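What follows is one structure encoded as structure tokens, with my remarks underneath.
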There are 2 protein chains.
Amino acid sequence: MRLTTKGRYAVTAMLDLAFHSRVKPVTLTEIATRQTISLSYLEQLFSRLRRANMVIGVRGPGGGYKLSRGAEEISISDIILAVDEQVDLTNCEQKSNCQNGQPCLTHDLWMGLSDTVRNYLDGITLKQLLDQADVQAVAQRQDSDVQQIMQFRDAETIGMALK
Amino acid sequence: MRLTTKGRYAVTAMLDLAFHSRVKPVTLTEIATRQTISLSYLEQLFSRLRRANMVIGVRGPGGGYKLSRGAEEISISDIILAVDEQVDLTNCEQKSNCQNGQPCLTHDLWMGLSDTVRNYLDGITLKQLLDQADVQAVAQRQDSDVQQIMQFRDAETIGMALK
DNA sequence: TAATAGTTGACTATTTTACTAGGTTATGTG
DNA sequence: CACATAACCTAGTAAAATAGTCAACTATTA
């Protein structure tokens, strides 16, 4: 289990997706601008996420991405494991028969540590993070949130008007 | 908080150190051979660990490294944070005033997630891992361990004889 | 059929990782 | 004191991971 910026990008993007895709699919362009992540990098990440059955891509106009299942059924570890391809963190691969026993000692320890972190992140779902987000948003940035909502509504109205 | 192979190397080395430095300091050469980590890489890691006051270097013959405090007072997160220099995992550095609120939302969430992982690893000490190690070692590889000790003694005897 | 948006692959720059080579300094022992 | 030892330091380097670009292609909907 690795924990790097790559994983953070993926979690952030999935969180954005979960937050905005309730009504209709969300385009990567939207996520890219909102989260200031390069579009092409997002494409790479979502290519993996799609192959891991985390998201569903909808082509054509009005298309985009949506979650393949409920936000309460997607764990953070799912996301990280999907994008952070499983390189072997240990030198002695899979098996526990290293040269002289001693390396295996720490091997096992690290595997246990890694497992525990994964299990922990397994227990946190996108839904939980979303709820946390709601609380924090309401508590800390009510003002700016309202402004944002207004802006969002304006944007939608403008969108409707243009049609 | 990042979780990469670099951190694993450091934890492994510290674990080896804690395990062997009860009597006298342990040389990096010993750790390098036991854990099959390059000596110079270990030097780099221990340079950081020393500056972070995790270990004490003893120069000259019979020298080596020893823990600066008890194994029960060194947490895994201490070790990882010491070697994995603190690059900003978030785009919006330190402050929470990003362009449009929305990024900050996920920013906070990630910070929280990262914090929780750190807190978790904060709760695991070298001592705890050692105890785990004892159990596993005793249970699984008593034979090979004895053989190793014998080999180690042989090597020392040969060394003495050559002098 | 034209615009949209996903999908794919190849390619590039930067950073981090892991390691090498070569020194210098401090220190205990013969 | 000389010498071996081992920390300590500096610079460089190859490989990998990260982050991103570019361009072509395909499915879909209006």
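So you know, we letter chains A, B, ... as the sequences are listed, proteins then strands, and number each from 1. Please read these numbers as outputs of a predicted model, since none were measured by experiment.
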[X] side-chain N/O to [N] phosphate OP1/OP2 under 4.0 Å:
| X | N | answer |
| --- | --- | --- |
| B:Thr27 | D:dT5 | no |
| B:Arg50 | D:dC8 | yes |
| A:Tyr41 | D:dA19 | yes |
| B:Ser40 | C:dA21 | no |
| B:Thr5 | C:dA18 | yes |
| B:Tyr65 | D:dC8 | yes |

Separation of atom [atom1] in [X] from atom [atom2] in [N], rounded to whole Å:
| X | N | atom1 | atom2 | value |
| --- | --- | --- | --- | --- |
| B:Glu43 | C:dG23 | CD | C1' | 11 Å |
| A:Leu42 | C:dT8 | CG | P | 16 Å |
| B:Lys6 | D:dA16 | NZ | P | 18 Å |
| B:Arg48 | C:dA18 | CZ | C1' | 13 Å |
| B:Tyr9 | D:dA16 | OH | P | 12 Å |
| A:Gln44 | C:dT8 | CD | C1' | 11 Å |
| A:Arg2 | C:dT16 | CZ | P | 15 Å |
| B:Leu28 | D:dA7 | CG | P | 4 Å |

For A:Asp84, run the salt bridge (Lys or Arg N to Asp or Glu O under 4.0 Å) check against A:Arg2, A:Arg118, A:Arg8 and tell me which one passes.
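When salt bridge (Lys or Arg N to Asp or Glu O under 4.0 Å) is applied between A:Asp84 and each of A:Arg2, A:Arg118, A:Arg8, only A:Arg2 qualifies.
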
Residue pairs, two or more places apart or on separate chains, that pass ring-ring contact (aromatic ring centres under 6.0 Å, His included) and touch residues 44-67 of chain A
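ring-ring contact (aromatic ring centres under 6.0 Å, His included) check on residues 44-67 of chain A returns A:Phe46-A:Tyr65.
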
Restricting to non-hydrogen atoms, name the atom on A:Met14 and the atom on A:Ile74 that form the minimum distance, rounded to 0.1 Å.
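Shortest heavy-atom contact: CE-CD1, 4.2 Å.
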
Nearest-nucleotide check on DNA chain D, B:Arg59 vs A:Pro61; residue mapping nearer the 5' end is B:Arg59

For the residue pair A:Asn53 / A:Ser68, report whether a side-chain donor-acceptor contact shorter than 3.5 Å exists.
no

Would you say A:Thr125 and A:Leu129 make side-chain contact, with heavy atoms under 4.5 Å?
no

